[in-house]
Participant: 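Next up is a structure, given as structure tokens.
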Amino acid sequence: MSHPQEDGAISAVTTAQLNRIARDGVYAGPTALDPTAANLAEALVAALGGSAETPLLPPDLRQLTERVRQRATIGFPRITSALDGVRLSAHTIKLNTAEPRPVVIVPAGWTPLGWALFEYAHLQLALRGYHVLAYTPRGIGTTVGLPGGGYVDGPFTSEGTIDVAGPADWADGSTVIDYAQQYFEPSSIAFLGESYGSGISQLVAANDPARRVSAVVALSTWGNLATSLYQNDTRHLAAVKALTGFTGGPVERKFDAATRQLLADFDAGRNLEEVAAWGTVRAPSSYLDATNTRGVPTFFSNTWHETLFPANQVVEHFDRLTVPKRLNMWIGDHAAPEGAGLTIPFSGPNAPVEEAFAWLDHHLLGADNGVPDWPAVSTQIMFTYLTRTDPETGKEVITEPAVRETRPSWAEVTTSTERWYLTAAAPGSRDGGLGAEPESGWQREFTAGHLTEATAVDDPITTGQAEWKGSPKTYPTGKFDRRHLAVWTSAPLESSRRIRGVPELALTVRSSAASATLVALLFDLAPDDTARIITHEPLTLPELTPDQDRDVSWRLQAAGYDLAADHRLMLVLTSKDPLYSDAGVDESATTITSAGGNPAHLELPLG
């Protein structure tokens with residue numbers, strides 16, 4: 001079967017381009033693939049399929065594709081869904097052996113390039129001894145509108161409309177398993193997915209009627225889609241905007257009328273109970289009992305500063321699983337740690353992907369590689385990095401953060417807590433303090449409705465990608481506009497703090513309006529008054545009585561952070577962040593105070 005090719009010629013890939021992609025990643029922004037990275041993926045597919053008329057790849061990559069071609073039969077089928085006849089774009093690598101081998105099924109992520117983006121990972125899996133079946137979930141992939149009306153899909157695009165990991169996607173997953181069993185006659189079946197494909201992988205494993213999935217790898221995944229999109233009465237607007245802008249085609253083609261209405265309701269902040277119910281159906285945590293009963297070994301990889309699927313909901317889902325399991329938490333944001341290992345030749349080992357492959361090797365191939373002895377949790381601590389020498393420039397560049405810690409369970413990540421009380425401002429300062437003793441009777445007021453320099457990220461995904469590569473965002477705290485936010489800062493620490501787990505914040509709030517949003521941001525403040533973010537979390541209060549105190553508390557996102565001696569802990573409360581909806585009334589007054597019976601405090605987890 002001939003290689004499917006997107007419209008337009010594929011250009012030759014150079015070593016310099018590979019080095020640049022390795023350095024900068026495959027994304028040009030939250031909703032854009034780097035064209036060079038997309039060209040690399042297509043060149044790999046063309047070379048593997050034998051349709052390239054001229055050499056498109058550097059010698060080492062040509063050798064890689066030839067090794068796979070010599071060992072396997074390559075195919076590009078369309079798999080017809082048993083549910084409704086939708087045809088799914090797919091790709092097969094069938095090892096040329098009579099010995100039964102396992103198959104790894106790889107649902108594509110939420111990307112216009114569909115399954116082709118991870119062709120490098122497919123090749124690596126084949127060389128490790130797996131049959132491979134990659135496919136694009138329904139509706140995902142490039143779709144172009146025609147001048148006279150109608151649409152044309154790209155070759156890596158699947159028919160139908162996007163079900164957002166709903167029941168149609170689970171049914172499609174079972175259809176793909178049917179195809180795999182007939183075509184490969186495999187010894188066992190695993191699913192490996194990143195982002196969108198990771199959620200589908202978990203859901204198919206939990207819902208396949210014949211219980212045929214033997215292991216799952218879920219990278220940059222979610223446990224609860226409902227709370228990923230809407231939690232603490234706050235909508236995660238930027239995440240949904242990024243996803244709807246990255247399907248590969250116009251919304252009216254990619255989503256059916258019911259889903260478009262739901263997205264419109266989410267955007268407008270109405271019928272949110274229905275939105276939450278819709279997300280709950282698509283939450284692997286909703287099928288926890290089925291996963292546990294089936295005993296499906298499940299490998300998770302996520303990031304502390306995740307902007308699409310925040311860390312806590314993954315941790316909570318992981319913690320309730322009783323199957324063989326592993327959770328890796330990395331520095332950065334969505335897909336940053338494993339992206340290079342899935343998509344491009346990397347000059348050094350990519351630990352996030354290598355450990356995922358090792359998980360499969362043990363559970364499918366029976367490899368004696370130590371996986372059963374792995375502690376269940378591995379956390380990477382912000383911010384220490386490994387480096388390598390860039391062959392092009394001769395300069396040292398970051399490969400990945402270096403410090404990792406393991407624990408037998410998530411419960412053992414936090415070994416103690418330390419309470420920091422919010423206190424009054426010192427004379428001559430607008431900023432409050434963080435101290436060891438409770439203090440009441442003070443208040444701190446700011447004007448709501450204004451964006452400030454204190455935001456969680458500059459851009460979803462891309463800020464965290466830079467963080468993974470060694471450039472975490474630095475905040476000049478002197479530019480924090482105290483008219484529109486409130487600040488509490490500790491004295492310089494006499495000893496370091498090992499922040500491990502989920503911080504919690506409790507305080508009393510009063511607004512001149514009937515609703516308010518608070519965004520809490522926790523910073524590491526250096527002696528030069530620049531800061532790095534540790535964690536954050538918003539809270540919306542939609543039904544306040546104006547000018548009446550309300551006691552509130554909420555959990556910030558989990559963190560693994562070493563706060564150095566001589567640094568200070570800084571807590572900031574503001575009313576707006578570009579990631580989120582807000583219910584505040586512009587120019588209303590928000591007042592933070594500490595009630596005598598419930599003094600305002602930050603509970604800091606330590607480990």
Side-chain angles (χ1 to χ4, degrees), residues 41 44-45 47-49 61 63-77 79 88 90-109 115-136 173-174 176-194 197-198 200-202 204-205 208 212-219 296-299 301 324 326 338 341-343 345-346 349-372:
L44 285 169
V45 175
L48 185 68
L61 286 187
Q63 183 182 38
L64 172 65
T65 57
E66 280 304 310
R67 287 174 64 197
V68 175
R69 281 169 56 84
Q70 290 169 9
R71 299 182 185 188
T73 301
I74 312 304
F76 303 98
I79 300 175
L88 305 174
H91 170 39
T92 57
I93 303 176
K94 183 179 183 180
L95 300 178
N96 298 328
T97 176
E99 175 191 2
R101 304 295 298 176
V103 61
V104 178
I105 297 176
V106 187
W115 59 259
L117 183 61
F118 294 160
E119 185 64 3
Y120 182 69
H122 307 151
L123 297 171
Q124 297 302 313
L125 286 166
L127 291 177
R128 294 179 88 98
Y130 299 103
H131 301 302
V132 180
L133 198 171
Y135 74 98
T136 303
S174 291
V176 171
I177 293 174
D178 292 341
Y179 185 96
Q181 287 189 313
Q182 181 177 2
Y183 182 63
F184 298 108
E185 298 182 352
S187 56
S188 57
I189 296 167
F191 270 68
L192 178 150
E194 191 253 2
S198 74
I200 290 175
S201 295
Q202 291 188 71
V204 173
D208 177 52
R212 293 172 290 181
V213 180
S214 298
V216 165
V217 167
L219 309 174
V296 181
T298 305
F299 178 101
S301 179
R326 169 78 165 189
E338 70 269 8
L342 292 171
T343 57
F346 205 64
N350 180 262
V353 173
E354 286 300 315
E355 291 180 16
F357 287 169
W359 185 262
L360 295 176
D361 290 347
H362 173 71
H363 289 289
L364 272 70
L365 298 176
D368 183 13
N369 57 7
V371 164

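Only heavy atoms go into these numbers, but all of them, side chains included; no hydrogens, no water, no symmetry mates.
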Participant: Donor-acceptor pair, distance only, cut-off 3.5 Å: does the side chain of Arg69 make one with the backbone of Leu48?
Facilitator: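 Yes; at least one donor-acceptor contact below 3.5 Å.
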Participant: If you define the side chain from C-beta out and look only at heavy atoms, does anything of Ser187 sit under 4.5 Å from Pro102?
Facilitator: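 Answer yes - side chains close enough.
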Participant: Asn96 and Thr73: which non-hydrogen atoms are nearest, and at how many Å?
Facilitator: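 Nearest heavy atoms, Asn96 then Thr73: OD1-OG1, 2.9 Å.
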Participant: Does Glu185 CD have over 12 foreign heavy atoms under 6.0 Å away?
Facilitator: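 Incorrect, the count does not exceed 12.
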Participant: With no hydrogens and no angle check, is any side-chain donor or acceptor of Thr92 less than 3.5 Å from a backbone partner on Lys94?
Facilitator: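 No: the side chain of Thr92 does not pair with the backbone of Lys94.
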Participant: Where the side chain of His91 meets the backbone of Phe76, is there a donor-acceptor pair that is under 3.5 Å apart?
Facilitator: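 Side chain of His91 to backbone of Phe76, a donor-acceptor pair under 3.5 Å: no, none is there.
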Participant: Indicate the atoms forming the closest heavy-atom contact of Val353 with Glu338, along with that distance.
Facilitator: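 Closest pair (atom of Val353, atom of Glu338, distance): CG2-O, 3.5 Å.
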Participant: Given side chains that start at C-beta, do those of Tyr135 and Ile200 come closer than 4.5 Å, heavy atoms only?
Facilitator: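 Result yes, sub-4.5 Å side-chain heavy-atom pair found.
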Participant: For the residue pair Ser201 and Gly193, what are the closest heavy atoms and their distance?
Facilitator: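 Looks like OG-N, 3.6 Å.
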Participant: Indicate yes or no: at least one non-hydrogen side-chain atom of Arg212 is less than 4.5 angstrom from one of Asp178.
Facilitator: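 They are in contact (side-chain heavy atoms under 4.5 Å apart), so the answer is yes.
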Participant: Hey, does Ile93 have a side-chain heavy atom less than 4.5 Å from the side chain of Arg71?
Facilitator: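 Answer no - side chains too far apart.
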Participant: Quick one: CG on Leu219 to CG on Leu342, what's the gap to the nearest 0.5 Å?
Facilitator: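 Between Leu219 CG and Leu342 CG, I get 6.0 Å after rounding to 0.5 Å.
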Participant: Side chains of Trp115 and Val106: closer than 4.5 Å at any heavy-atom pair?
Facilitator: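 Of all side-chain heavy-atom pairs linking Val106 with Trp115, none is under 4.5 Å.
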Participant: Roughly how far apart are Arg67 CZ and Leu123 CG, rounded to 0.5 Å?
Facilitator: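 That separation rounds to 10.0 Å.
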Participant: Which label fits His363 and Trp359: parallel for a plane angle under 30°, tilted from 30 to 60°, or perpendicular past 60°?
Facilitator: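 It falls in the tilted class, 30° to 60°.
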Participant: Closer than 3.5 angstrom, by distance alone: can the side chain of Tyr130 be matched with the main-chain N or O of Asp361 as a donor-acceptor pair?
Facilitator: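 It does hold such a pair.
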Participant: Looking at every heavy atom in both Leu133 and Val103, which two are closest together, and how far apart are they?
Facilitator: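 That would be N-CG2, 4.1 Å.
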Participant: Look up atom CD in Glu119 and atom CG in Leu64, then write down how far apart they are to the nearest 0.5 Å.
Facilitator: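 So the CD of Glu119 and the CG of Leu64 are separated by 9.5 Å.
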Participant: Using side-chain heavy atoms (C-beta onward) and a distance below 4.5 Å, is Leu44 in contact with His122?
Facilitator: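 A side-chain contact under 4.5 Å is absent here.
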Participant: Taking atom OG of Ser188 and atom CG of Leu365, what is their separation to the nearest 0.5 Å?
Facilitator: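 Ser188 atom OG to Leu365 atom CG measures 7.5 Å (nearest 0.5 Å).
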Participant: Might you work through the side-chain contact (heavy atoms from CB on, under 4.5 Å) test for Val217 and Val104, ending with a clear yes or no?
Facilitator: CA-CA 10 Å; Val217 167; Val104 178; over 6 Å; no
Participant: First locate atom CG of Asn350, then atom CD of Glu355, and finally report the distance between them rounded to the nearest 0.5 Å.
Facilitator: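 Between atom CG of Asn350 and atom CD of Glu355 there are 9.5 Å.
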Participant: Kindly compute the distance separating CG (Leu125) from CG (Leu364), expressed to the nearest 0.5 Å.
Facilitator: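 Nearest 0.5 Å value for the CG-CG distance: 10.5 Å.
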Participant: Can you see which heavy atom on Ala90 is nearest to which on Ile79, and at what distance?
Facilitator: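 Answer, listing the atom of Ala90 first, then Ile79: CB-CD1, 3.8 Å.
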Participant: Taking Asn369 for its side chain and Ala358 for its backbone only, find out whether a donor-acceptor pair lies under 3.5 Å.
Facilitator: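 Answer holds: yes.
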Participant: Which pair of non-hydrogen atoms, one from Ile105 and one from Pro107, has the smallest distance, and what is that distance?
Facilitator: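 Heavy atoms only, the tightest pair is O-CD, 3.5 Å.
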Participant: For the residue pair Tyr179 and Pro77, establish whether any side-chain heavy-atom pair is separated by less than 4.5 Å.
Facilitator: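 They are in side-chain contact.
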